[in-house]
Amino acid sequence: MHNEKAAVELEDVSLIFGGDHPADEAVLAVHDINLTIPTGQFVAVVGPSGCGKTTILNMLAGLIPATKGSVRRYGSEITGPSDDIGYMLARSALSPWRTARKNVELGMEIQGVPKNERLTKSKELLRRLRLEDFADSFPSQLSQGMNQRVAIARTLALNPDLWLMDEPFGALDAQTRLTVQAEFIELWESEGKTVIFVTHDLEEAVLLADRVIVMTARPGRIKSDTIIDLPRPRVLDELRFDEKFKEAEHRIWRELRDEIV
Ligand SMILES: Nc1ncnc2c1ncn2[C@@H]1O[C@H](COP(=O)(O)OP(=O)(O)OP(=O)(O)O)[C@@H](O)[C@H]1O
Ligand SMILES: [Mg+2]
């Protein structure tokens, strides 16, 4: 049953919150999830609010244990947080009193990475996210999109091989989102790491991902699982108008729509 090659495997995973005492009503958040993700796949997860998307990421990040079933990485049970996993949230707040570079270096400082190594890594990431000129700026001096790019750099600073992203661009305005999406996909395409990317934006899911999972309303189960067979590298501005893209988006929208109404 164990698949050593799978970056991530969830087998019959359910999660119940609460119910520990009579006043605390139990909530079945996710129900019998089975999901195998091969190394290097970009998986987007969409589904109605409250269906358990964040809960699944939290289990993968080792922050909460599954109530039932097994959550594995490369065949080993996940038992707690790990530096191999980068976790980014929609409002991944930066430290306001640290510069962009110092924010990127935070995790490395905690890990005791030597100063020159930290500097090399943070410089490289900031360059790749086109922020090299803003390394010494503070978050309050940067635009929203720049802040979010710093947050991406911070998430990737310890070279995680699994990227968990919970609506990472959800707080950005529509225009900024386009730019950050394009930069992010370029970065990902050059790294090829395994990504689980939660989003409310179906267009974003289909544009970026190799595979889109639709979840049902709570208790969350997997409703559909679709491979997005679009070539890479993806040029998002062109892809948006591509017939194959629109067809895929439309097909998945029909699955999702029934869960949202
Ligand atoms: N710590 C908790 N204690 C009790 N219930 C919780 C807890 N965390 C989440 N839940 C419940 O579990 C369900 C799933 O929550 P989760 O945050 O995973 O949903 P989601 O799909 O990420 O939603 P959204 O799209 O709004 O972010 C919800 O009904 C929520 O109320
Ligand atoms: Mg959530």
Side-chain angles (χ1 to χ4, degrees), residues 8-35 37 42-73 78-81 85-93 144 148 151-152 155 160 162-174 177 180-181 184 194-209 211-226 249 252-261:
V8 166
E9 261 182 308
L10 291 102
E11 191 182 339
D12 299 327
V13 169
S14 296
L15 192 121
I16 299 170
F17 284 110
D20 303 326
H21 47 85
D24 181 18
E25 205 182 317
V27 173
L28 177 60
V30 297
H31 186 56
D32 271 347
I33 302 273
N34 284 285
L35 179 64
I37 300 178
F42 191 131
V43 179
V45 179
V46 296
S49 186
C51 74
K53 302 179 295 294
T54 298
T55 301
I56 289 175
L57 294 186
N58 285 339
M59 289 191 281
L60 287 167
L63 300 176
I64 48 173
T67 311
K68 183 183 141 287
S70 163
V71 184
R72 297 188 291 268
R73 291 192 66 221
I78 293 177
T79 52
I85 298 177
Y87 195 178
M88 179 171 163
L89 314 174
R91 293 166 201 280
S92 281
Q144 223 195 354
Q148 210 59 1
I152 295 173
T155 306
L162 175 61
W163 302 359
L164 303 176
M165 311 197 80
D166 197 357
E167 303 185 44
F169 312 142
L172 299 178
D173 67 84
R177 180 182 265 236
V180 181
Q181 281 172 344
F184 175 71
T194 313
V195 183
I196 305 179
F197 187 104
V198 169
T199 177
H200 270 113
D201 179 345
L202 182 58
E203 180 186 62
E204 178 172 86
V206 179
L207 280 174
L208 301 182
R211 176 180 180 191
V212 177
I213 308 273
V214 176
M215 291 182 63
T216 65
R218 190 165 64 90
R221 282 168 288 113
I222 292 178
K223 170 155 182 175
S224 71
D225 183 346
T226 309
E249 186 187 10
I252 299 170
W253 168 241
R254 284 195 294 265
E255 304 281 343
L256 185 57
R257 183 185 51 191
D258 297 340
E259 298 303 320
I260 289 174
V261 290

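Whatever order the structure lists them in is the order used to number ligands and atoms, beginning at 1. Treat the numbers as computed from the prediction; the structure is a model and nothing was measured. All residue numbers refer to positions in the sequence shown, counting from 1. The figures here come from the full heavy-atom set of this structure, side chains too, leaving out hydrogens, waters and symmetry mates.
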Participant: Please verify the inter-ring angle class for Phe184 with Phe169; under 30° counts as parallel, over 60° as perpendicular, anything in between as tilted.
Facilitator: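 If you compare the ring of Phe184 with that of Phe169, the planes turn out perpendicular.
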Participant: Quick test: of every protein heavy atom, which one is nearest to atom 28 (C) of ligand 1, and how far off is it to 0.1 Å?
Facilitator: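 Ranked first by proximity to atom 28 (C) of ligand 1 is Gly50 O, 3.6 Å.
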Participant: Output the list of atoms in ligand 1 that are nearer than 4.0 Å to some heavy atom of Ser49, sorted by atom number.
Facilitator: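 Matching atoms, with element in brackets: 23 (O), 24 (P), 25 (O), 26 (O).
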Participant: Answer yes or no for Gly52: is there a heavy-atom contact with ligand 1 below 4.0 Å?
Facilitator: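 Contact check Gly52 vs ligand 1: positive.
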Participant: Pull out every atom of ligand 1 sitting under 4.0 Å from any heavy atom of Thr54, numbered as shown with elements.
Facilitator: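 Matching atoms, with element in brackets: 17 (O), 18 (O), 20 (P), 22 (O), 27 (O).
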Participant: With heavy atoms under 4.0 Å as the rule, classify the contact between Arg218 and ligand 1 as side chain, backbone, both or neither.
Facilitator: side chain
Participant: Given Leu15, Thr199, Thr55, identify the one with the heavy atom nearest to atom 15 (O) of ligand 1.
Facilitator: Thr55
Participant: So for His200, does at least one of its heavy atoms come nearer than 4.0 angstrom to any atom of ligand 1?
Facilitator: yes
Participant: Hey, is Arg73 close enough to Glu9 for a salt bridge, meaning N to O under 4.0 Å?
Facilitator: no
Participant: Would you call Asp166-Lys53 a salt bridge at under 4.0 Å N-O?
Facilitator: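 Judged by the 4.0 Å cut-off on N to carboxylate O distance, Asp166 and Lys53 do not form a salt bridge.
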Participant: When you measure from the side chain of Glu259 to the backbone of Ala217, do you find a donor-acceptor pair of N or O atoms at a distance under 3.5 Å?
Facilitator: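 Pair found, side chain donor or acceptor close to backbone of Ala217.
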Participant: Examine distances only and state if a side-chain atom of Thr216 and a backbone atom of Arg221 form a donor-acceptor pair shorter than 3.5 Å.
Facilitator: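 Flag set: sc Thr216 to bb Arg221 pair under 3.5 Å.
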Participant: When you measure from the Mg ion (ligand 2) to the N, O or S atoms of Thr55, does any of those distances fall below 2.8 Å?
Facilitator: no
Participant: Can you tell me if Lys68 uses its side chain to pair, donor with acceptor, with the backbone of Asp12 under 3.5 Å?
Facilitator: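 Confirmed, Lys68 side chain pairs with Asp12 backbone.
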Participant: May I ask you to decide if the ring planes of Phe197 and Phe42 are parallel, tilted or perpendicular, using 30° and 60° as cut-offs?
Facilitator: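 Correct class here is tilted.
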Participant: Got an N/O contact under 3.5 Å between Val27 and ligand 1?
Facilitator: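 No, no N or O pair falls under 3.5 Å.
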Participant: Can you tell me if Asp24 uses its side chain to pair, donor with acceptor, with the backbone of Gly18 under 3.5 Å?
Facilitator: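 No: the side chain of Asp24 does not pair with the backbone of Gly18.
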Participant: With distance as the sole criterion, is a donor-acceptor pair present between the side chains of Glu167 and Thr199 under 3.5 Å?
Facilitator: no
Participant: What residue and heavy atom of the protein are closest to atom 4 (C) of ligand 1, and at what distance?
Facilitator: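 Protein heavy atom with the smallest distance to atom 4 (C) of ligand 1: Phe17 CB, 3.4 Å.
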Participant: Hey, is ligand 1 close enough to Ala29 that some N/O pair sits below 3.5 Å?
Facilitator: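 Looking only at distances, the answer is no, because the N/O contact criterion of under 3.5 Å is not met.
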Participant: Can you check atom 31 (O) of ligand 1: any protein non-hydrogen atom closer than 4.0 Å?
Facilitator: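 For atom 31 (O) of ligand 1 the answer is no, since every protein heavy atom stays at 4.0 Å or beyond.
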Participant: Is there a heavy atom in Cys51 that sits closer than 4.0 Å to ligand 1?
Facilitator: yes
